[in-house]
Amino acid sequence: SQQGEEDPQALSIQEGENATMNCSYKTSINNLQWYRQNSGRGLVHLILIRSNEREKHSGRLRVTLDTSKKSSSLLITASRAADTASYFCATDTSNTGKLIFGQGTTLQVKP
Amino acid sequence: DAGVIQSPRHEVTEMGQEVTLRCKPISGHNSLFWYRQTMMRGLELLIYFNNNVPIDDSGMPEDRFSAKMPNASFSTLKIQPSEPRDSAVYFCASSAQGSYSNQPQHFGDGTRLSIL
């Protein structure tokens with residue numbers, strides 16, 4: 001069964017708006033990571049948040065982690081057309097480097 | 001710096017043929033991962049290596065799939081014989097795993113495999 005599940009599956013917004021994607025997982029984690037995938041390309045790492053962290057920022061990205069609810073959110077502020085991509089959360093449960101990816105959220109940012 | 005390099009980028013072959021996918025990880029990375037991505041099943045981990053040793057191959061679908069890592073700079077994923085349901089995008093990723101923390105994975109651009 002899938003460890004990470006993203007919500008919503010698809011999101012369409014106007015340039016300049018904020019985009020929020022959520023990820024829920026089932027078992028305890030060491031860390032949770034967010035990746036972006038542009039069409040026809042490989043995944044690109046965005047941000048890693050450890051289980052003892054609650055919030056992390058990187059540029060226009062803000063990630064929160066609530067281990068009591070087993071959920072995480074990714075906020076992209078002031079979105080741009082170039083942010084159009086699929087976004088995946090991935091959980092590390094074993095500290096071995098093995099990640100389990102969710103199904104992803106497809107984000108479309110309209111210019 | 002060069003990223004993870006996969007070849008070929010596209011492969012179209014007939015059912016029953018042997019398919020070999022290749023991956024060159026980032027220099028210095030000690031972990032390598034093979035994934036398969038489809039619309040139906042999403043991104044699935046097939047196998048991963050640490051220091052060239054296969055650690056977990058529980059995701060390999062069946063005996064038709066095999067993977068090797070003869071040295072730190074090269075890995076192959078082989079499908080023999082191939083079947084139409086193997087059609088997917090296959091990704092290779094590498095990372096530098098430390099003792100106490102996990103590092104992000106760096107992905108290649110994948111091999112789009114079509115089995116006719």
Side-chain angles (χ1 to χ4, degrees), chain A residues 1-10 21 23-26 28-53 56 58 61 63 65 72 74 85-106, chain B residues 2-7 9-10 21 23-26 29-60 88-112:
Chain A
S1 61
Q2 209 70 19
Q3 163 74 330
E5 295 184 4
E6 283 94 340
D7 168 60
Q9 288 190 337
M21 288 158 267
C23 171
S24 60
Y25 56 92
K26 297 175 182 174
S28 61
I29 60 172
N30 295 306
N31 66 67
L32 185 145
Q33 303 177 29
W34 285 91
Y35 288 79
R36 184 188 75 227
Q37 184 179 30
N38 290 91
S39 180
R41 304 297 302 273
L43 280 73
V44 174
H45 178 261
L46 294 175
I47 199 164
L48 181 154
I49 187 166
R50 302 187 193 286
S51 59
N52 61 353
E53 297 176 312
K56 208 160 183 181
S58 177
L61 305 181
V63 168
L65 179 65
S72 174
L74 170 67
S86 293
Y87 292 81
F88 295 86
C89 69
T91 51
D92 161 37
T93 60
S94 61
N95 214 30
T96 62
K98 177 180 177 178
L99 295 177
I100 302 175
F101 284 83
Q103 293 283 14
T105 292
T106 300
Chain B
V4 174
I5 300 172
Q6 291 187 246
S7 64
R9 285 298 313 277
H10 303 274
L21 311 181
C23 175
K24 177 178 169 57
I26 292 173
H29 282 188
N30 61 345
S31 292
L32 184 140
F33 307 82
W34 282 102
Y35 292 91
R36 177 173 68 176
Q37 187 177 39
T38 62
M39 289 294 292
M40 289 294 294
R41 300 174 68 89
L43 193 66
E44 303 173 276
L45 177 65
L46 300 178
I47 184 170
Y48 78 97
F49 297 82
N50 193 40
N51 295 322
N52 311 339
V53 175
I55 301 300
D56 184 348
D57 66 355
S58 60
M60 295 285 259
V89 182
Y90 291 80
F91 288 102
C92 175
S94 70
S95 67
Q97 292 304 316
S99 299
Y100 302 105
S101 64
N102 287 97
Q103 299 299 312
Q105 294 184 14
H106 298 258
F107 282 72
D109 280 335
T111 295
R112 184 172 295 275

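In what follows, chains are A, B, ... by sequence order, proteins preceding strands, each numbered from 1. Note that this is a predicted model, so its numbers are computed, not measured.
- If you measure heavy-atom distances from A:L99 to chain B, the contacts under 4.5 Å come from both the backbone and the side chain.
- A 4.5 Å side-chain heavy-atom check between A:H45 and B:S95 finds every atom pair outside the cut-off.
- Within 6.0 Å of CZ on B:R9 lie more than 12 heavy atoms contributed by other residues, nucleotides or ligands.
- Summarising the geometry of B:M40 relative to A:Q103, their closest heavy-atom pair is O-NE2, 4.4 Å, with the distance given to 0.1 Å.
- Contact annotation for A:L43: both backbone and side-chain heavy atoms come within less than 4.5 Å of a heavy atom of chain B.
- Using a 3.5 Å distance cut-off with no hydrogens or angles, the side chains of B:Q37 and A:Q37 do pair a donor with an acceptor.
- For A:Y87, there are no side chain to side chain donor-acceptor pair (under 3.5 Å) partners, not counting sequence neighbours.
- Closest of all the heavy-atom pairs between B:Q105 and A:Q33 is N-OE1, 4.3 Å.
- Around NZ of B:K24, the count of heavy atoms belonging to other residues, nucleotides or ligands within 6.0 Å does not exceed 12.
- Here CZ of A:F101 is found 4.5 Å from OH of B:Y35. Values are rounded to the nearest 0.5 Å.
- The neighbour count for A:Q9 CD, taken as heavy atoms of other residues, nucleotides or ligands under 6.0 Å away, does not exceed 12.
- Looking at B:N50, there are no atoms closer than 4.5 Å to chain A (heavy atoms on both sides), in backbone or side chain.
- Annotation for A:K98 and B:S58: closest pair NZ-OG, 4.2 Å, computed over non-hydrogen atoms.
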